[in-house]
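As the structure lists them, so they are numbered: ligands from 1, and atoms in each ligand from 1. Here, residue 1 is the first one in the sequence, and each next residue gets the next number. Side-chain atoms are counted along with the backbone in the values below, which use heavy atoms only and exclude waters and symmetry mates.
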Amino acid sequence: MELAGIQGLKGTVSVPGDKSISHRCIMFGSIANGTTEIHNFLKGADCLATIRCFQSMGINIEETDHTITVHGKGLHGLSAPLNILDVGNSGTTTRLLSGILAGQKFESKLSGDESLNSRPMKRIIEPLTMMGANISSILRNGCAPLYIAPGNLHGIHYDSPVSSAQVKSCILLAGLYAEGETSVTEPSLSRNHTELMLKEFGADIRTLHSLSTAYIKPYPKLYGQKIVVPGDISSAAYFIAAGLIVPDSEILIEHVGINPTRSGILKVCEDMGGDITLLNERCEAGEKIADILVRTSSLHGITIEGDIIPTLIDEIPIIAVMAAVADGTTVIKDAAELKVKETDRIETVTDNLKAMGCNVTPTEDGMIITGGTLHGASIHTLLDHRIAMAFSIAALVADGTTKILDSKCVDVSYPTFYDTFEQLL
Ligand code: S3P
């Protein structure tokens with residue numbers, strides 16, 4: 001994909017359904033009793049991998065243009081998969097599914113692509129093993145492929161060393177199958193879609209946000225739900241940034257999830273001086289939603305650190321792009337988790353910003369960026385969807401032409417990304 005500088009992005013768009021919520025609808029729908037009807041499901045490669053995994057464990061999942069229907073078989077209704085479960089590029093599928101598989105009476109193996117199979121899985125192997133699960137890294141390198149055999153699970157309290165919704169959700173899902181109560185505390189609260197949605201499905205789950213702790217009791221009867229998935233704020237983030245940094249722009253993004261555990265990007269945009277307004281704020285199935293209006297603004301550098309980091313972790317590539325054209329210096333700290341995403345995003349972001357002529361320094365847990373003028377360059381996405389999208393927006397404010405290599409990787413979370421962009425021209 002080749003892109004050049006532009007002015008005046010104008011219009012109203014909507015973004016596809018939230019990736020985290022779409023995964024969870026399929027998983028919880030599969031282990032619930034009755035039918036789960038999902039609207040605005042994200043048909044990106046990651047969530048389609050989740051569908052395939054549950055289909056190969058005997059769950060009937062029907063897809064039409066607008067709806068996905070999951071015919072749940074209850075907590076103990078999954079059947080042994082005949083083949084290795086293929087989780088593709090998806091960390092969420094791998095880690096959440098492992099929590100469910102740990103509680104099954106059958107053996108399973110799961111494996112993904114090269115990037116996925118190099119991401120850390122000890123972070124789930126250790127707590128699941130403490131719960132009595134039988135889970136191992138087949139190559140003994142702490143990564144997938146994973147092998148899971150039946151085990152007798154018991155509840156634990158787990159003090160997670162990382163703020164990760166995937167780790168937290170994995171343990172809570174195993175807790176559905178464990179004797180006694182299971183609880184997880186994390187250093188800072190990560191996205192809480194599992195807690196909100198499991199409650200809607202009927203689970204006995206409670207949270208103490210002040211202590212970043214969630215508690216779950218086992219063997220609930222879960223009931224199928226009707227779910228309208230909110231637009232993904234992580235996808236909206238690219239158009240929020242475009243509206244703020246492309247000259248003479250005004251963009252309205254409709255029906256976006258603004259759950260406080262996900263919406264750190266909104267605060268950062270405001271703190272940087274962005275003109276951003278939330279309209280029609282409402283709540284659906286426990287999730288907050290709004291329409292987001294952005295207008296071109298002159299941004300300035302800020303420091304981003306501490307508890308806000310988990311609420312914007314996937315948005316750091318696009319925040320870095322905004323920082324690269326803001327006045328002054330932006331410092332991003334406490335974000336070492338970036339190193340274990342689809343790529344090492346400290347490296348992929350800083351290498352590509354440098355290629356565009358930006359003054360940027362990678363650090364152990366983030367980066368320091370001084371704003372200036374960007375120049376067209378070849379962007380090495382390393383097949384990371386968020387790098388492709390963030391640098392497509394950088395291209396719009398750079399001199400000359402920018403080439404996004406392997407831009408097709410946007411399919412992972414936003415197959416229609418370039419179509420949405422065209423609606424604003
Ligand atoms: C996700 C949690 C986050 C996020 C990922 C989706 C989820 O990962 O980066 O894109 O759906 O739970 P971590 O839990 O590893 O922080």
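Among the candidates Ser164, Ser20, Ser169, Ser163, the single residue satisfying the side chain to side chain donor-acceptor pair (under 3.5 Å) test with Arg191 is Ser20.
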Let me check something: any side-chain donor-acceptor pairs from residues 171-179 under 3.5 Å, sequence neighbours excluded? List them with distances.
| from | atom 1 | to | atom 2 | distance (Å) |
| --- | --- | --- | --- | --- |
| Tyr177 | OH | Leu75 | O | 2.8 |
| Tyr177 | OH | Gln104 | NE2 | 3.2 |
| Glu179 | OE1 | Tyr219 | OH | 3.2 |

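For atom 14 (O) of ligand 1, the nearest protein heavy atom (residue, atom name, distance) is Ser164 OG, 2.7 Å. Among all protein heavy atoms, the one lying closest to atom 1 (C) of ligand 1 is Gln166 NE2, 3.5 Å. Of the protein's heavy atoms, Arg24 NH2, 2.7 Å lies nearest to atom 12 (O) of ligand 1. Of all protein heavy atoms, the one closest to atom 4 (C) of ligand 1 is Asp314 OD2, 3.3 Å. The protein atom (non-hydrogen) at minimum distance from atom 11 (O) of ligand 1 is Ser20 OG, 2.7 Å.
By the 4.0 Å N-to-carboxylate-O rule, Asp18 lies close enough to Arg262 to be salt-bridged with it. The existence of a salt bridge linking Asp291 and Arg282 is confirmed by a sub-4.0 Å separation between a basic side-chain nitrogen and an acidic carboxylate oxygen.
At least one heavy atom of Lys19 sits less than 4.0 Å from an atom of ligand 1.
Of the candidates Arg345, His193, Lys341, His23, it is Lys341 that places a heavy atom closest to atom 16 (O) of ligand 1.
Listed by chain and number, the residues in a side-chain contact (heavy atoms from CB on, under 4.5 Å) with Asp159 are His157, Thr185 (sequence neighbours excluded).
Looking only at distances, a side-chain donor or acceptor of Ser190 sits under 3.5 Å from a matching main-chain atom of Ala165.
Taking every non-hydrogen atom of Ala165 and a distance limit under 4.0 Å, the qualifying atoms of ligand 1 come out as 12 (O), 14 (O).
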